[in-house]
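Predicted model only: the values in this text are computed from it and were never measured. Here is the naming used below: chain letters follow the sequence lines, and residue numbers restart at 1 for every chain.
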Number of protein chains: 2
Amino acid sequence: MSLDLSLYDKVLENRVRLQIMSILVANEHYDFNSLKELLDVTDGNLASNLKSLEKEGYITVEKSFVDRKPNTKYRRTEKGKKSFENHLAALENLIKQQYG
Amino acid sequence: MSLDLSLYDKVLENRVRLQIMSILVANEHYDFNSLKELLDVTDGNLASNLKSLEKEGYITVEKSFVDRKPNTKYRRTEKGKKSFENHLAALENLIKQQYG
DNA sequence: TAAAAGTACTTTGATATCCAAAGTTAAATA
DNA sequence: TATTTAACTTTGGATATCAAAGTACTTTTA
């Protein structure tokens, strides 16, 4: 039995943050409102989770106007991508332990 | 983009509880002290996480004496196994979303 | 036989996290 | 000018986390 969860990331334990990173690894960028719809969270909750990912250096933020409306785009950083992949690897280790 | 995390289990968001379930799916039973060593947690922390899994109906507890010392064995329930597998499935969906 | 040690807790208390709801700011539109 | 939309921030209450200390029972050791 190995049980090495050294790659496990406390930041990504949270469902919303995990989903955000998942989306931002699959997509170059994604905006606030689209995230909100996809994740079914209040805007306050989404904003605070985005802020914590930003604080952690996992994502970057770009503000602009699109169609004359404010638009906030989020992108993963390299660090964020690495952390997400590491976290998934840790989870995969758990799974492999079961079936492998 | 699907993002169906309906199988995601809040109880198993916690690292320690996830590891406990992982061990109890791979092994018929496991005792308190062995879990403690494997997971590197204080006994208070372990006990409270075990209790919450028991309360949730994910594990059962058997107390006995082994070598004249108290020994507490834990086993997964069917419900616990199902929940663990469902949770992993939800996580696998996330992963597949990336690479599949 | 009294003290120490081991097992498996429970309790305490301090901190951290979570999250909905309400409030805010600024621009666009009616 | 009032309303709406986007994207927050703030507030406050609930819940979670976790180390440390305390407890109960038993066995071992001095």
Can you give me every donor-acceptor pair (side chain of residues 51-66 of chain A, partner residue at least two apart or in another chain, under 3.5 Å) with its distance?
{"residue": "A/Ser52", "atom": "OG", "partner": "A/Asn49", "partner atom": "O", "Å": "3.0"}
{"residue": "A/Tyr58", "atom": "OH", "partner": "A/Asp9", "partner atom": "OD2", "Å": "2.5"}
{"residue": "A/Tyr58", "atom": "OH", "partner": "A/Ser83", "partner atom": "OG", "Å": "3.3"}
{"residue": "A/Glu62", "atom": "OE2", "partner": "A/Arg75", "partner atom": "NE", "Å": "2.4"}

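- Remark: B/Ala90 engages B/Leu5, B/Leu7, B/Tyr8 in a side-chain contact (heavy atoms from CB on, under 4.5 Å) (not counting sequence neighbours).
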Apply salt bridge (Lys or Arg N to Asp or Glu O under 4.0 Å) to the pair B/Glu85 and B/Lys82, showing each step before the final yes or no.
-> CA-CA 5 Å; B/Glu85 285 167 354; B/Lys82 270 271 160 56; over 6 Å; no
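- Taking atom CG of residue A/Leu39 and atom C1' of nucleotide C/dC18, one finds them 16 Å apart after rounding to whole Å.
- Ranked by how close their nearest DNA chain C nucleotide is to the 5' end, A/Arg17 and B/Lys51 are led by B/Lys51.
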Could you list all N or O pairs between the protein and nucleotides 19-30 of chain C that sit under 3.5 Å apart?
{"residue": "C/dA20", "atom": "OP2", "partner": "A/Thr42", "partner atom": "OG1", "Å": "3.0"}

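- Using a 4.0 Å heavy-atom distance criterion, B/Arg15 is classed as making no nucleic acid contact.
- Residue-level contact check: A/Lys36 touches neither bases nor backbone, having no heavy atom under 4.0 Å from any strand.
- Taking A/Lys69 as the reference, nothing meets the side-chain contact (heavy atoms from CB on, under 4.5 Å) condition, with sequence neighbours excluded.
- Although no hydrogens or angles enter the test, the distance criterion places no donor-acceptor pair under 3.5 Å between the side chain of A/Asn27 and the main chain of A/His29.
- B/Asn14 approaches B/Arg17 most closely through the heavy-atom pair OD1-N, 3.0 Å.
- Here chain B contacts DNA chain D (any atom closer than 4.0 Å to a heavy atom, that is under 4.0 Å), and the contacts span D/dT17 to D/dT27 from 5' to 3'.
- Among residues two or more places apart in sequence or in another chain, the side-chain contact (heavy atoms from CB on, under 4.5 Å) test is passed with B/Thr42 by B/Asn45.
- Taking every heavy atom of both residues into account, A/Arg76 and A/Met21 meet most closely at CB-CE, 4.3 Å.
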